[in-house]
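The next block holds one structure in the form of structure tokens; read it before the comments.
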Amino acid sequence: MKSEIIAIYPGSFDPLTNGHLDIIHRGARLFDRIVVAVLVNLEKAPLFTVPERVEILRDAFRERTNVEVDTFDGLLVDYARRRHASVIVRGLRAVSDFEFEMQMALMNRRLNGDVETVFMMPAEPYTYVSSRLVKEVVALGGSVHGLVPDSVEARLREKKLARETLRA
Ligand code: PNS
């Protein structure tokens, strides 16, 4: 019997963008199961907590039975081994992403040659969208409508209001 192909889609997802959503939907069509794995990185100062990011992702994919949301820390390839995953999915938006992504893919291959990195391109309208820019635009009062899920847009607005209230 053919075993199922499990893919891991790792990232910070701070916050989830429509570009991430697009890649996850593509991955869910290509692989038997895709595990969206939120990195627990204690060094960064995130806008959304890990539980908030997990909640947003679970909410976005509650109707897709082959999309799972999880968290991980430590080496990605160790996590992939624990989850019996043979694929790491990464989105590639532009040439500028390529250098770092290639370094990560080759390092991961060196660490575990059984896991293959697969790059996927998001739909054209999302090729310039990043979590970092989304946060910057919102912090400076701009609109990110259409670039992130509605639930994320609402939460970004709440965070901004909360910060402004604290400062006032
Ligand atoms: O969304 P991001 O921040 O671009 O995701 C980066 C991520 C989570 C894929 C990367 O930082 C990662 O894999 N971290 C886990 C630690 C690890 O395995 N490091 C060696 C990879 S070369």
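As the structure lists them, so they are numbered: ligands from 1, and atoms in each ligand from 1. Heavy-atom basis, side chains included; hydrogens, waters and symmetry copies ignored. Position 1 is the first residue of the sequence; numbering continues from there. Being a predicted model, the structure only gives us computed values, none of them experimental.
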- Is there a donor in the side chain of Tyr79 and an acceptor in the side chain of Asp73, or the other way round, less than 3.5 Å apart? no
- Is a salt bridge present between Lys135 and Asp14, judged by a nitrogen-to-oxygen distance below 4.0 Å? yes
Residues 22-41, side-chain donor-acceptor partners within the protein, below 3.5 Å, at least two apart:
| from | atom 1 | to | atom 2 | distance (Å) |
| --- | --- | --- | --- | --- |
| Asp22 | OD1 | Arg26 | NE | 2.6 |
| Asp22 | OD1 | Arg26 | NH2 | 3.4 |
| Asp22 | OD1 | Ala123 | N | 3.1 |
| Asp22 | OD2 | Arg26 | NH2 | 3.3 |
| His25 | ND1 | Arg64 | NH1 | 3.1 |
| Asp32 | OD2 | Ile5 | N | 2.5 |
| Arg33 | NH1 | Glu68 | OE1 | 3.0 |
| Arg33 | NH2 | Glu4 | OE2 | 3.0 |
| Asn41 | OD1 | Glu43 | N | 3.0 |

- Between OG on residue Ser3 and NE2 on residue His84, distance to nearest 0.5 Å: 11.0 Å
Can you list, pair by pair, the side-chain donor-acceptor contacts under 3.5 Å of residues 89-107, counting residues two or more places apart and other chains?
| from | atom 1 | to | atom 2 | distance (Å) |
| --- | --- | --- | --- | --- |
| Arg90 | NE | Glu101 | OE1 | 2.9 |
| Arg90 | NE | Glu101 | OE2 | 3.4 |
| Arg90 | NH1 | Pro10 | O | 3.0 |
| Arg90 | NH2 | Glu101 | OE2 | 2.8 |
| Arg93 | NE | Asp97 | OD2 | 3.0 |
| Arg93 | NH1 | Val129 | O | 3.0 |
| Arg93 | NH2 | Asp97 | OD1 | 3.0 |
| Asp97 | OD2 | Arg93 | N | 2.8 |

Between the protein and ligand 1, are there any N or O atom pairs that come within less than 3.5 Å of each other, and if so, what are their names and distances?
| from | atom 1 | to | atom 2 | distance (Å) |
| --- | --- | --- | --- | --- |
| ligand 1 | 1 (O) | Ser12 | N | 2.9 |
| ligand 1 | 3 (O) | Ser12 | OG | 2.6 |
| ligand 1 | 4 (O) | Arg90 | NH2 | 3.0 |
| ligand 1 | 5 (O) | Arg90 | NH1 | 3.4 |
| ligand 1 | 18 (O) | Leu76 | N | 2.8 |

Table please: side-chain donor-acceptor pairs of residues 110-117 below 3.5 Å, with sequence neighbours left out.
| from | atom 1 | to | atom 2 | distance (Å) |
| --- | --- | --- | --- | --- |
| Asn112 | OD1 | Asp114 | N | 2.9 |
| Glu116 | OE2 | Arg109 | NH2 | 2.9 |

